[in-house]
Amino acid sequence: MSNTSEVSPYVTSVPAAPSRARASAAAFAKWLAAETAAERSAVDRVREQRRRDRLEEYAPQAIRSVELHLTEPEPLIRSAEALGYRPEPLALDGRPLDDQPRVMLTSERGERIAVER
């Protein structure tokens, strides 16, 4: 009989059975995914704030009216077209811009300008 034994500086452990490892991983994942009522309400508040921010971003702007003293609206309309506004077809289509009582212009972003005599 020998009085010696093997000693190692490394920890040796018996690996867990595969089914036990899967069960513990599943339990850990379930624990991570669990939400408390406070967490749910915080997520709901963030979603609501984002929704409000999107609505404000795309909400129509206030209507502004500016009185201009122009003898000819055509240069103003041409400048607006250069900025990306396009004339909307009206009932008086085909007449020169100087003869039309009002001209409607719309941009790609949905902004609208009405020029009225």
Side-chain angles (χ1 to χ4, degrees):
M1 194 154 102
S2 172
N3 235 356
T4 62
S5 66
E6 270 187 50
V7 178
S8 171
Y10 304 106
V11 175
T12 57
S13 63
V14 177
S19 62
R20 185 172 181 194
R22 271 188 246 128
S24 73
F28 182 68
K30 184 177 179 182
W31 176 78
L32 278 178
E35 286 185 352
T36 65
E39 290 170 332
R40 277 191 296 274
S41 67
V43 168
D44 290 342
R45 281 194 309 271
V46 169
R47 284 185 184 146
E48 180 63 25
Q49 183 61 42
R50 285 183 183 164
R51 186 186 70 77
R52 275 191 248 122
D53 291 345
R54 283 193 307 269
L55 286 175
E56 287 177 11
E57 182 179 341
Y58 297 111
Q61 299 297 317
I63 296 174
R64 294 183 185 104
S65 178
V66 179
E67 192 171 328
L68 301 175
H69 300 284
L70 297 171
T71 55
E72 297 179 21
E74 191 163 352
L76 175 68
I77 294 167
R78 296 295 172 227
S79 296
E81 286 178 335
L83 292 172
Y85 288 88
R86 299 290 165 239
E88 291 288 325
L90 296 175
L92 303 174
D93 200 19
R95 289 173 49 183
L97 292 174
D98 289 339
D99 292 342
Q100 294 189 11
R102 67 186 55 85
V103 177
M104 303 289 288
L105 302 162
T106 305
S107 74
E108 290 179 5
R109 296 179 303 216
E111 298 171 328
R112 295 182 286 179
I113 296 176
V115 179
E116 186 174 40
R117 291 184 154 228

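Residues L105 and A80 come closest through the heavy atom pair CD1-CB, 3.7 Å.
Applying the side chain to side chain donor-acceptor pair (under 3.5 Å) criterion to R109, with sequence neighbours excluded, gives E111. Under the rule for a side chain to side chain donor-acceptor pair (under 3.5 Å), R47 has no partner lying at least two apart in sequence or in another chain.
When the side chains of ILVMFWY residues are joined at heavy-atom separations under 4.5 Å, either directly or via intervening members, W31 and V43 end up in two distinct hydrophobic clusters.
By the 4.5 Å heavy-atom criterion applied to side chains, R52 and Q49 are counted as neighbours. Residues R86 and T106 form no side-chain contact, since every pair of their non-hydrogen atoms from C-beta on lies 4.5 Å or further apart.
In this structure, the separation between CD1 on I113 and CG on L76 is 7.0 Å, given to the nearest 0.5 Å. Taken to the nearest 0.5 Å, the CD atom of E81 stands 9.0 Å off from the CD atom of E74.
With a 6.0 Å radius and a threshold of 12 heavy atoms from other residues, nucleotides or ligands, R40 has its CZ atom above the threshold.
Between E48 and R45, none of the side-chain N atoms (NZ, or NE/NH1/NH2) sits under 4.0 Å from a carboxylate O, so this pair counts as no salt bridge.
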